[in-house]
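Below you'll find the structure, written out as C-alpha cells, and then a few comments.
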Amino acid sequence: MCTCLLIDILTMLNINEIRNDFPIFQREVKPGVPLVYLDSTATSQKPLAVIEAMNDFYRRSNANIHRGVHTLAEEATELYEQSRVRIARFINASAAHQIIYTRNTTESINLVAYSWGRAHLKAGDLVILTEMEHHSNLVPWHILQAERGIELEFIPVTDDGLLDLEAYKTLLARSPKLVSFAHMSNVLGTINPAAEIIRLAHAAGAVTVVDAAQSVPHFKVDVQALEADFLAFSAHKMCGPTGIGVLYGKTALLESMPPFLGGGDMIKEVKLRSFRPNSLPYKFEAGTPAIAEAVGFGAAVDYLTSVGMDAIAAHEHEITEYALERLEEVPGVRVFGPSAQHKGGVTAFTLDGVHPHDVAQILDRDGVAVRAGHHCAQPLHEKFGIPASSRASFYLYNTKAEIDLLVNGIYKVKEMFG
Amino acid sequence: MCTCLLIDILTMLNINEIRNDFPIFQREVKPGVPLVYLDSTATSQKPLAVIEAMNDFYRRSNANIHRGVHTLAEEATELYEQSRVRIARFINASAAHQIIYTRNTTESINLVAYSWGRAHLKAGDLVILTEMEHHSNLVPWHILQAERGIELEFIPVTDDGLLDLEAYKTLLARSPKLVSFAHMSNVLGTINPAAEIIRLAHAAGAVTVVDAAQSVPHFKVDVQALEADFLAFSAHKMCGPTGIGVLYGKTALLESMPPFLGGGDMIKEVKLRSFRPNSLPYKFEAGTPAIAEAVGFGAAVDYLTSVGMDAIAAHEHEITEYALERLEEVPGVRVFGPSAQHKGGVTAFTLDGVHPHDVAQILDRDGVAVRAGHHCAQPLHEKFGIPASSRASFYLYNTKAEIDLLVNGIYKVKEMFG
Amino acid sequence: MDDLYREVIIEHYKNPGYRGRLDPYDIRFADNNPLCGDHIEITLRTDESGTITDARFDGHGCAISQASADLLVESIIGKSIEEVKHLNKEYILDMLGIDLGPVRLKCALLSLKVLKAGVYGLGEASDSLVE
Amino acid sequence: MDDLYREVIIEHYKNPGYRGRLDPYDIRFADNNPLCGDHIEITLRTDESGTITDARFDGHGCAISQASADLLVESIIGKSIEEVKHLNKEYILDMLGIDLGPVRLKCALLSLKVLKAGVYGLGEASDSLVE
Ligand SMILES: Cc1ncc(COP(=O)(O)O)c(C=O)c1O
Ligand SMILES: Cc1ncc(COP(=O)(O)O)c(C=O)c1O
C-alpha cells in the first residue's frame, strides 16, 4: 500500500484525497467488506461536488428554463447554459452552441443517424464502422440499413486488438459517406488513432462520427485538433449524473441538419400546421431538458479539470500496466486487447473453465465489482470466439491495492471451480 | 391566512406540513422576500423525499443496470425496476412493461410519431389533434406531415375554452388513423373528457394518444378506465426530477412497433450487420437510461400517493376557484379558459396595456413567480388573438394567501404602467 | 460457503447429466439471455399422450444458468406438456434452493423461458413467460 | 424604483418616437423571439453612400423589447450600414442602462438581431449575431 501511494503522488494524484471526494467509498458492500469498484467503463462514481450541485439546484433554483422571467427561471437558465459553456471548453469546442444536450452517447449517435443520416444517406451509400463498436454505434446504422439500403463495412480488428488501418484505406477507396468509430474500445481498451482516421476519412470525402464515450472521461480530447465532425459522450461515465449526454457537431453540419425530435423549445414559431425550427443548439433540444443533470454535468467537468486530465490519464495508465502484469501471471487467464501502450484503463479477460458471470459473482463476495457479459459488443466477442468476458476497468479513484484484491479474488474463483 | 388554513384542513391537506416537505420554500427570492411559486405547470418543486432518494442512490448504490452482477449493479437494477412497478400502479397500468422510460412527455410523443407513426401512417392518412395542443403534440406531427404527407385536422376550441365535440364527431366521419390530444390544457386549464374522446375515436377505428403532462400530476388518471392506447407524461411536473418521463402503451401496440433508438439494452442479439430487438419495455430504452432519475420518479409517485391524489385535486380546485374570483375583480384583467368546474389549477390572463413579460417581471420583485409567453401553445394564443399571456398555476403546496399576493402584485403593475 | 455456489450447483455445472441434443426430437427451441449472451437449446421427445419421454439441453453460460437447465430438464421427464406450461419462477428457485437478485434471476430462468417458448410454439423466449 | 423599469424605458415603451413602417424602404426585416413570440420589424432607408437616412420599427412585445427597439432605431439614423454591422450587445445595454438576466436579455437584443440580419441580408435573426 505504501509504495502505491508514493507512486500515485509522483503521478500527481493524491489518491486518498480523491477517494474522499467520492461518498460511495464510505459504504461497505456488506458488513466489513469495503467497495472495490472496477466498473467505471459501465458508469463512474460521482464526487460530492456533483451530487451537491444537483442537490442545491433542487433546493434553491429549480425552475423550468428559457421561457421564464422570474428569478428562479433566470437562475436555472443561467446554470443550464453555463454548464454548456464549460463542457464546450472541456473538449475545446469553439462555440457553446455546438454542444447539444442528449440523454447519452446512444441518443447522440441516433440523432446523427436520424437527422444527418436520413438527410444525406441513400441506398447504396457506404458507411464505415469498425469491428470493435459498442452496440450504440452499430444498431442505429442497422436500422438505417434496413430502412434505406445503405451499405455497412467494418474496419477489421487485428488479433492484438488494433484497427487494421491498411484495410481501412482500402475501404476508403470505395468513397464512403460516413466513418463512425469508437475513440476508445470499452472492451479491448484500445485507443484508436482518431486524428488519423478522421484525416483519412476527410481526404476520401467522408463525414466522421467519434464515439467518445470512453475517451472524453479518461484523457484530454480536443475536438478542433481532431477535426471531428461529430463527437458523442455521456456524463455518467465522467463523474456526472445519469440522464444526460452530449452531441458535439461542427456548426455548418448542425445548421444544415433537419430537426430530430419535435416539441417545445426547439421551435422559433409554431402555427397549427407548420413550424420553423429554432437556431442551435435549441433546434435539437425538444421539451424540458435534463436541467438538474446539466448542472451536475458542469460540476463534473469542473471536478475533472481541477484534478487534471493529464494526471488522470497518467494514473490510469500506471494502474493498467500493473493490472496487465498481475493478470497475465494467473494461469488460465486470457486478457484481450493491445499492450498497455495502446490501451486505456480497461482489461477484459476470460478464465478457463469458468463463465464470466461466475467470476464476477464470486469476486463480488470480496466487494470487487467487475462487469461480466458481452459489454454491448457482441460482434467483437464473436470475433474473438467467446460469448462473454469479465471486465475490470479503472478510473482516477482506483489503486494498485485494488488490483491485488482483484487478482486474489480470481485465485479464489479458480479454487472453487478447480 | 387563518381561514385559508382552516379550509385546507377541511380538504384534507395540511398545507404547512406539505410546504415543509419542500426545501425550496425555505429560500428567499431576495433578502426578506419569500418565494411564491405559481409556475408548477412549467415544472413542479421537489419534496425532500425525492431529492434524498437520488442523493442516496449516488452515495450508496450508483452503478449501471441490467448487465452487472455485482452488488451495486443488482441494487441499482432493482431500484430502477421497482420505480417502474410503482409508476405502473400509479396510473393503474396492468403491467410494468407498459411503462417505457423516456426523457419527457415530448420524447414520449415523438416515440409514438417515429415508431408507430412511421409504421402505420401513409400519405393522406388523417391525424386529429386539437387547437389547444402544446407544441410537443403539434411539431412531431408537422414533421411527419412534411415527410409523409399525412393530413392534420384540429378539434376546434370554443370561446370559453372547451373542445367542440360536435365538430370532433364530424371529423371522425373521415376515418382518422390517430387522435392525439391534451388531457388538460397547460394554458386554459381545460380538463378534456378523455374517456369520451377515446371512446369515440375507437368507435371510428382510430388509435389514441393522451398528452397527460398536466393530468397525471394533478388528479387520479386510470389508463385502463380511459382505455388509452398511449399516454405520455413527465416526472418533473409531478414532484420528480428532470430528465425522465414515461410513455405508457397497450402491450399489443408496443409489441407490434419497430424500435426507435438503437443501441445497448434495447437488443436481444447483435451481429455485425443485424440485430434482434429486446422484449418490452427494453426495446424502447436504448443506452444507459436515466437511472437516478427513475429512482427519484419512484419516490415522487410514492410522495403523491401518500398525500393522496384526490386531496391534491380538491385543494387545487379550491385555490383555482379563489384565484378566478380574485383575478376577475381586477379591471383590465382577462382570464382565458373555462369556469372552475372544467378547469385544473391553471389561470392564464392578460392585463390591458401591459405585456405579460412585464407583468411577470414586476411580480417577481415581490417573489411571485408566474410564467409569461406563449407557454408552447402559439396556435392557441393566435386563436385568442394575443401573442402571449401571463400564467399563474397551482399545485399541492400553494395557498390562498399566495393568490392574494399575486393579485396585490397585479395592482402594482397597473400602477406603474397606469 | 456462499449460497449461490452450493455444491449441487457446481456439481450440475461441471457434470451435467442432461447436456446434449436429441435427434430426432418433437420439440426444439433455443434463445439467448440478451444481457450476457448465455445460450440455451432444449430438445424434447413426447409420446402421443403428451408426456415428455426424454429431454436434453445444450448451450453455454454461467454455472447458474447451466445448472438450472440441467435440473429443469431432469425434472420434466415424465411430466406432461400441460404441466410444463404451468411451471413458474418458484419452481426453478425451489430446485436451486437459493435467493437471486434481478440480474442473476435471468440466468436461472433462461432455461425455463426457452422450454416454455418451445412448448407454446412461440417465436421468442420473453420474460412474461416466467413472471 | 427598480432598475429594469427606469423611467426612460417606460417612456419609450409608452410613447415610442420611431414606431411605424417606412414605405418605400431600402431594407426591411422582421423576426420573432421564439421564447415569447415578441415580434419586431425594422424598415430602413439609405442613401447611395450607405448612410441610414431614416428608420422605423414595428411589432409587439414587452417594455424592454419595444423600448430597446425605439432607442436602437433612433440611434442608427445617420450611421452607416457598415457601422451597424459592428453594433453588439453592449451597445444596447449601454443605451438601456440596466443589467439583464439571460431571458430578458433576449428581449432587449431582439431588435438588434433583426437589424443585423436585415443589413447582412440573412434569412433569420440568430443569436450569434449579437454574441
Ligand atoms: C400539455 C403539455 N404537453 C406537453 C408538455 C411538454 O412536457 P415536457 O417539456 O416535459 O416534454 C407540457 C409541458 O410543458 C404540457 O403542459
Ligand atoms: C464505447 C462506448 N460507446 C457507447 C456507449 C454507450 O453509452 P451510453 O450507454 O451512455 O449511451 C458506451 C458505454 O457503455 C461505450 O463504452
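In what follows, chains carry the letters A, B, and so on, assigned in the order in which the sequence lines appear, proteins first and then strands, with residues in each chain numbered from 1.
By the 4.5 Å heavy-atom criterion applied to side chains, A/E269 and B/H374 are not counted as neighbours. Residues B/E147 and A/R118 are not in side-chain contact: their nearest non-hydrogen atoms beyond the backbone lie 4.5 Å or more apart. Side chains of B/S61 and A/R27 form a contact here, defined as non-hydrogen atoms less than 4.5 Å apart. Counting heavy atoms from C-beta on, the side chains of B/I24 and A/L72 come closer than 4.5 Å. Within the 4.5 Å cutoff, the side chain of A/E107 has heavy atoms near those of the B/E107 side chain. Counting heavy atoms from C-beta on, the side chains of B/F275 and A/I143 come closer than 4.5 Å. For the pair A/V270 and B/P379, the minimum side-chain heavy-atom distance is below 4.5 Å. Side-chain contact between B/N55 and A/I51: present, with at least one pair of heavy atoms (C-beta onward) separated by less than 4.5 Å.
Under the rule for a ring-ring contact (aromatic ring centres under 6.0 Å, His included), the partners of A/Y80 that lie at least two apart in sequence or sit in another chain are A/H66, A/Y101.
Counting only distance, with no hydrogens or angles, the side chain of B/D364 and the backbone of A/T71 share a donor-acceptor pair below 3.5 Å. Remark: the backbone N or O of A/A42 is paired with a side-chain donor or acceptor of B/N64 at under 3.5 angstrom.
Listed options B/I65, B/V50, B/N62, B/L48 were ranked by heavy-atom pairs under 4.5 angstrom with chain A; first place goes to B/N62. The candidate from B/V69, B/N104, B/V370, B/L272 with the greatest count of non-hydrogen atom pairs under 4.5 Å with chain A is B/L272. Looking only at heavy-atom pairs under 4.5 Å with chain B, the residue among A/A146, A/A286, A/P289, A/S44 that has the most is A/A286. Of all the listed residues (A/A73, A/P259, A/P241, A/S234), the one sharing the greatest number of non-hydrogen pairs under 4.5 Å with chain B is A/P241.
Salt bridge present: B/R59 and A/E52 bring a charged side-chain N and a carboxylate O closer than 4.0 Å. Between B/R103 and A/E293 there is no salt bridge, since none of the side-chain N atoms of the basic residue sits less than 4.0 Å from a carboxylate O of the acidic one. Look at B/E28 and A/R60 and you find no salt bridge, because none of the NZ, NE, NH1 or NH2 atoms lies under 4.0 Å from a carboxylate O.
Across all their heavy atoms, B/M266 and A/V139 have their closest contact at SD-CG1, 3.9 Å. The two residues A/P140 and B/G262 make their nearest non-hydrogen contact at CG-O, 3.5 Å.
Aromatic pair B/F22/A/Y58: ring centres not closer than 6.0 Å.
Here the options are A/Q378, A/H142, A/E382, the test is side-chain contact (heavy atoms from CB on, under 4.5 Å), and the partner is B/K271; only A/E382 passes.
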